[in-house]
Amino acid sequence: MEVVARAKVNLALGVVGRRPDGYHDLVSVFARLDLADRLTVGPPGDGDRLVVAGGPIDYRPAADDLVLRAVELLRRACLPHAPGLTVRLEKYVPLAAGLGGGSADAAAALDLAARAWGFQLTGDVRLALAAQLGSDVPFLAADIEAALVTGRGESVAPLPGPLDPVGILLVTAGAGLATRDVFDAWAAAPPRRAATGGSGSVGADRARDLAARLGAGCTAADLVAAAPDLRDANDLWSASIRLRPDLVELRDVLERRLGRAILLSGSGPTLLALYPSRAAAETAATSLTADPVLGLAVAAIRAATFGRTTREAP
Ligand code: C5P
């Protein structure tokens, strides 16, 4: 029994204000990737256990890892006497990178535990539990390619993915960024609102435009053409670069080298570029990895795909 925990990127992310509960209201287009961690059930031990069992990412989970919290949450909600579960995790998604890796693992752990205990989680229960685990988890718990996500993350309006798969180059450099720190930095100095004629948040306006394009059925080429508009469509950029000033230079270098708009995913620090195909993103990844300066300085350079690679039968 294996559950695949696919990561995400944000193609636009608006922060529309701080809420009384300390979270922030967002308007964001989330896109699901094929880059994924893998979870399986391991041999039983005492209580619940999380064992990292492979993958290129060095991960040492804490005792309160979100995967274990997901297993315990499901037990308390659905099956209080369920036996202890060992979760084996193969880690491929960089940590604290703005790719939702930990949240995707938690979403997958809900399904894995349910299956191991002999039942299947259905939509509403899965979403309610997901929302308790974190703001990104509801989108990642839904089996969809894209969504316009609002509220603190719990409100997920599914969107069709692109008509053909989009290649995505992911560049994750240096230490990770804690989402909380980036939102705190945003709240400490909220950007002055531009007179956009929309919500006052550039990210939110661009997210809504992009959602409309996806809704109307756009191709990979359409998305690549829209990338320059998405470059500044992440309202967390200014906060992220306060914590990681090196991202400014890295973005400049990548834009010069690749001749493409570079976007920030989530709260960072992963930077990304859009390509008309997976193969084109792979070629770009190979050229960056071979670069004697960049290839060494950057921890993870990956090619991924947004959008299903095989069309469903009509
Ligand atoms: O929901 P999650 O636990 O993943 O969020 C981590 C932190 O990110 C929160 O504690 C909060 O500080 C910040 N956050 C936020 N607004 C959101 C999502 C996350 O302020 N919509």
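As the structure lists them, so they are numbered: ligands from 1, and atoms in each ligand from 1.
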In terms of residue, atom name and distance, what is the protein heavy atom nearest to [atom]?
| atom | value |
| --- | --- |
| atom 9 (C) of ligand 1 | Tyr23 CE2, 3.7 Å |
| atom 10 (O) of ligand 1 | Arg180 NH2, 3.4 Å |
| atom 18 (C) of ligand 1 | Ser135 OG, 3.3 Å |
| atom 20 (O) of ligand 1 | His24 ND1, 2.7 Å |
| atom 8 (O) of ligand 1 | Thr179 CG2, 3.5 Å |

Measure Leu26 to ligand 1 on non-hydrogen atoms and call it side chain, backbone, both or neither using the 4.0 Å cut-off.
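Just the side chain.
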One residue to check: Phe183. Relative to ligand 1, which of side chain, backbone, both or neither has a non-hydrogen atom less than 4.0 Å away?
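The answer is the side chain of Phe183.
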Show the atoms of ligand 1 that are less than 4.0 angstrom away from any heavy atom in Gly134.
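By the 4.0 Å cutoff, the relevant atoms are 1 (O).
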Please could you name the atoms of ligand 1 that Gly22 approaches to less than 4.0 Å, counting only its heavy atoms?
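Under 4.0 Å from Gly22, ligand 1 has these atoms: 20 (O).
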Begin from the C-alpha positions of Asp25 and Arg19 and carry the test side chain to side chain contact (heavy atoms under 4.5 Å, CB included) through to its verdict.
CA-CA 7 Å; Asp25 276 320; Arg19 304 155 37 125; 3.0 Å; yes
Do Thr219 and Asp164 get their side chains close enough for a donor-acceptor pair, meaning under 3.5 Å?
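No, no side-chain donor-acceptor pair sits under 3.5 Å.
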Any luck finding a side-chain donor-acceptor pair between Thr270 and Thr172 under 3.5 Å?
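The answer is yes; a qualifying pair exists.
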Does the pair Lys91 and Arg38 meet the rule for a side chain to side chain contact (heavy atoms under 4.5 Å, CB included), with working shown?
CA-CA 7 Å; Lys91 196 79 190 146; Arg38 288 170 192 283; over 6 Å; no
Geometric cation-pi criterion Arg260 and Tyr275, 6.0 Å radius, 45° cone
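Yes, cation above the ring, under 6.0 Å and within 45°.
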Taking both backbone and side-chain atoms of Asp184, is any N or O found less than 3.5 Å from an N or O belonging to ligand 1?
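Between Asp184 and ligand 1, no N or O pair is found under 3.5 Å apart.
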Nearest-0.5 Å distance, CG of residue Leu121 to CG of residue Leu127:
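Interatomic distance, Leu121 CG to Leu127 CG, rounded to 0.5 Å: 10.0 Å.
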Grab the two heavy atoms, one from Ala204 and one from Asp235, that are nearest each other, plus how far apart they are.
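Smallest interatomic distance, heavy atoms only, reads N-OD2, 4.4 Å.
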